[in-house]
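Okay, structure first, notes after.
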Amino acid sequence: QVQLVESGGGLVQAGASLRLSCAGSGRTFSTYPMAWFRQASGKERGFVAAISGSGTITYYDDSVKGRFTISRDNAKNTVYLQTDSLRPEDTAVYYCAARRGVSLRSVAAEYSYWGQGTQVTVSS
């Protein structure tokens with residue numbers, strides 16, 4: 001069982017940066033591949049980025065590649081999402097998620113554990 005708590009969201013102007021954090025519980029945190037998803041108002045939850053348990057493999061949606069960076073610090077049981085060059089279309093609730101297994105996935109249904117989300121709003 002993994003419990004996840006996101007933080008770091010806020011209201012920023014276009015072009016700004018935010019670092020989102022996801023704090024996890026449990027001694028086996030490093031064994032879980034982790035991901036960030038986002039859900040804009042009236043839209044389905046969509047994949048943003050994923051990272052392997054060791055942190056050595058990452059995977060991004062094309063819409064954020066080159067602007068967002070996912071990382072993790074297993075000593076702190078925390079996953080991060082550095083979001084740079086933010087755009088109004090990045091506005092959404094951002095969720096972190098953990099899945100059992102080894103491989104990275106971009107489908108929300110593949111993830112078993114979810115945080116409550118943190119709101120990111122980007123004004124133009």
Side-chain angles (χ1 to χ4, degrees):
Q1 189 78 9
V2 177
Q3 293 184 327
L4 304 172
V5 179
E6 302 96 334
S7 62
L11 170 62
V12 297
Q13 291 188 329
S17 299
L18 284 173
R19 189 174 82 155
L20 309 183
S21 298
C22 172
S25 64
R27 292 176 293 173
T28 58
F29 181 81
S30 64
T31 67
Y32 292 92
M34 301 287 297
W36 287 93
F37 288 79
R38 63 187 178 183
Q39 187 166 19
S41 180
K43 295 188 177 181
E44 292 187 354
R45 192 169 298 189
F47 173 76
V48 176
I51 189 167
S52 61
S54 64
T56 56
I57 302 171
T58 58
Y59 174 45
Y60 297 91
D61 184 78
D62 286 345
S63 65
V64 304
K65 203 172 292 183
R67 299 188 300 123
F68 291 8
T69 303
I70 189 171
S71 62
R72 67 191 298 162
D73 183 341
N74 287 334
K76 296 182 178 179
N77 279 11
T78 302
V79 174
Y80 304 98
L81 185 69
Q82 177 67 39
T83 65
D84 298 322
S85 302
L86 283 163
R87 304 167 180 169
E89 54 264 38
D90 294 318
T91 294
V93 178
Y94 283 70
Y95 299 89
C96 70
R99 67 178 302 271
R100 302 185 192 94
V102 176
S103 56
L104 304 185
R105 293 285 189 267
S106 61
V107 177
E110 299 275 1
Y111 289 79
S112 302
Y113 308 105
W114 292 84
Q116 83 291 346
T118 185
Q119 176 72 48
V120 172
T121 303
V122 185
S123 63
S124 57

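The figures that follow rest on heavy atoms only: side chains count, while hydrogens, waters and symmetry mates do not.
- Side-chain contact check for F68 versus D61: every heavy-atom pair is 4.5 Å or farther apart.
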Requested in this report: Start with the C-alpha gap between L86 and Q13, add the side-chain angles, then the distance that decides, and say whether side chain to side chain contact (heavy atoms under 4.5 Å, CB included) holds.
Outcome: CA-CA 8 Å; L86 283 163; Q13 291 188 329; over 6 Å; no
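- At a cut-off of 3.5 Å, with distance as the only test, no side-chain donor of S85 or R67 sits close to an acceptor on the other residue.
- Side-chain contact between R99 and L104 is absent, with no heavy atoms from C-beta onward closer than 4.5 Å.
- Taking 4.5 Å as the limit, some side-chain heavy atom of Y113 sits within range of a side-chain heavy atom of Q1.
- Results of the side-chain contact (heavy atoms from CB on, under 4.5 Å) test with I70 over Y80, Y59, Y60 single out Y60 as the only residue that passes.
- Dense packing is recorded around CD of Q116, with more than 12 heavy atoms of other residues, nucleotides or ligands lying under 6.0 Å away.
- Using a 4.5 Å heavy-atom threshold, the side chains of V79 and C96 count as separate.
- Although no hydrogens or angles enter the test, the distance criterion places no donor-acceptor pair under 3.5 Å between the side chain of T56 and the main chain of S54.
- One finds a salt bridge joining D62 and K65 here, because a Lys/Arg side-chain nitrogen approaches an Asp/Glu carboxylate oxygen to under 4.0 Å.
- Between the CD atom in E110 and the CZ atom in R100 there is a gap of 12.0 Å [rounded to 0.5 Å].
- The structure places CD1 of I57 at 9.5 Å from CD1 of I51, a figure rounded to the nearest 0.5 Å.
- Minimum interatomic distance between F47 and S106 (heavy atoms only, all atoms of both residues): CB-O, 3.3 Å.
- One N or O on the side chain of N74 and one on the backbone of G53 form a donor-acceptor pair closer than 3.5 Å.
- The two residues Y95 and G115 make their nearest non-hydrogen contact at CD2-O, 3.6 Å.
- The cluster map of Ile, Leu, Val, Met, Phe, Trp and Tyr, joined by side-chain heavy atoms under 4.5 Å apart, puts M34 and W114 in different clusters.
- Rounding to the nearest 0.5 angstrom, the gap separating the OG atom in S124 from the CZ atom in R87 is 14.0 Å.
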Side-chain polar contacts of residues 16-31 - donor-acceptor pairs under 3.5 angstrom, sequence neighbours left out - could you list them?
from: S17; atom 1: OG; to: D84; atom 2: OD1; distance (Å): 2.8
from: S25; atom 1: OG; to: Q3; atom 2: N; distance (Å): 3.0
from: T31; atom 1: OG1; to: T28; atom 2: O; distance (Å): 2.6

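- Ring planes of F37 and Y111: perpendicular class, angle over 60° (limits at 30 and 60°).
- Listed by chain and residue number, R38 satisfy the side chain to side chain donor-acceptor pair (under 3.5 Å) test with Y94 (two or more places apart in sequence, or in another chain).
- Judged by distance alone, with hydrogens and angles left aside, the side-chain atoms of R72 form no donor-acceptor pair with the main-chain N or O of P33 at under 3.5 Å.
- Taken together through direct or relayed side-chain contacts under 4.5 Å among Ile, Leu, Val, Met, Phe, Trp and Tyr, V12 and V48 form part of one hydrophobic cluster.
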